[in-house]
Amino acid sequence: QGLLMESGGGSVQVGGSLRLSCAASRHTFSSYCLGWFRQAPGNEREGVATIDHDDFISYADSVKGRFSISRDDAKNILYLQMNSLKPEDSAVYYCAAEDVPRGRACPSAVDFKTWGQGTQVTVSS
């Protein structure tokens, strides 16, 4: 539970870049798992990238090598740097937070409880 607020979405041409930001409350940012998820019209919400407090990072195969997740602990901001964008990356992007026991893998989207409102990313060809 807490507050997450995404920003940085917009429209970009194929091959372009965007950086998404997720501002969080101090309490929410301290969650063990932080992640980015996306949902395109008619599709299930899917995981994009997660990072835990041990700095273990996991990426979806579809974005590996193109996207980078990071966090700024001093500012309580989670980032998603998106490069080499493709039309299939178009979606509403959400950040989320969830606590899990140390050493456990971050959960899938359905088990994250705290979500931002989403920011639209549109990649045109």
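Atoms considered below: every heavy atom in the structure, side chains included; atoms not considered: hydrogens, waters and symmetry mates.
A pairwise comparison of heavy atoms in N83 and S17 identifies OD1-OG, 2.9 Å as the closest pair. Listed here is the closest heavy atom pair of L20 and V121: CD2-CG2, 4.1 Å. A pairwise comparison of heavy atoms in A60 and G47 identifies CB-O, 3.4 Å as the closest pair. Across all non-hydrogen atoms, the minimal contact from Y32 to P101 is CE2-O, 4.1 Å. For the pair S21 and I77, the tightest heavy-atom approach, listed with the atom from each and the gap, is CB-CG2, 4.1 Å.
Considering only heavy atoms from C-beta on, C95 stays 4.5 Å or farther from L34 through its side chain. The closest side-chain heavy-atom distance from L4 to T28 is below 4.5 Å. For the pair V12/T122, no side-chain contact is recorded, criterion being any heavy-atom separation below 4.5 Å from C-beta on. No side-chain heavy atom of F37 sits under 4.5 Å from any side-chain heavy atom of E46. Contact check for P87 versus S124: no side-chain heavy atoms found under the 4.5 Å cut-off. Contact of the R19 side chain with the M82 side chain is not registered, since no non-hydrogen atoms from C-beta on lie closer than 4.5 Å. At a threshold of 4.5 Å between non-hydrogen side-chain atoms, the residues T119 and V92 do not count as touching.
We find the NE2-OG1 distance between H27 and T114 to be 8.5 Å, quoted to the nearest 0.5 Å. Interatomic distance, R38 CZ to Y94 OH, rounded to the nearest 0.5 Å: 13.0 Å. Atom CD of E98 sits about 10.5 Å away from atom OG of S108, to the nearest 0.5 Å. Note: L78 CG to T50 OG1 = 10.0 Å, rounded to the nearest 0.5 Å.
Put simply, the side chain of Q13 never gets that close to the backbone of S125: no donor and acceptor are under 3.5 Å apart. With hydrogens and angles disregarded, no donor-acceptor distance shorter than 3.5 Å links the side chain of S58 to the backbone of A49.
Between F67 and Y93, the ring planes lie tilted relative to each other; the angle falls in the 30° to 60° range.
Residues I57 and L80 share a single hydrophobic cluster, defined by chaining ILVMFWY side chains whose heavy atoms lie under 4.5 Å apart. Hydrophobic clustering (side-chain heavy atoms under 4.5 Å, transitive across Ile, Leu, Val, Met, Phe, Trp, Tyr) keeps W36 apart from M5. Y79 and I51 are members of different hydrophobic clusters when ILVMFWY side chains are connected at heavy-atom separations under 4.5 Å.
In this structure, the side-chain contact (heavy atoms from CB on, under 4.5 Å) partners of S68, at least two apart in sequence or on a different chain, are Y59, Q81.
Sequence neighbours left out, not one pair with a member in residues 39-58 passes ring-ring contact (aromatic ring centres under 6.0 Å, His included).
Classification of D55 and R71 as a salt-bridged pair holds, one side-chain N sitting under 4.0 Å from a carboxylate O. Ion pairing of D99 with K113 is absent here, as no side-chain N (NZ or NE/NH1/NH2) approaches a carboxylate O to less than 4.0 Å. Salt-bridge formation is not detected for the pair D52/R104: no Lys NZ or Arg NE/NH1/NH2 atom is positioned less than 4.0 Å from an Asp or Glu carboxylate oxygen. A salt bridge does not link K86 to D89: none of the charged side-chain nitrogens sits closer than 4.0 Å to a carboxylate oxygen.
When the shell of 6.0 Å around CD of E88 is examined, it contains more than 12 heavy atoms from other residues, nucleotides or ligands.
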Quiz prompt | Intermediate values then yes/no, side-chain contact (heavy atoms from CB on, under 4.5 Å), E6 and W115 | solution = CA-CA 10 Å; E6 303 95 336; W115 294 86; 6.0 Å; no
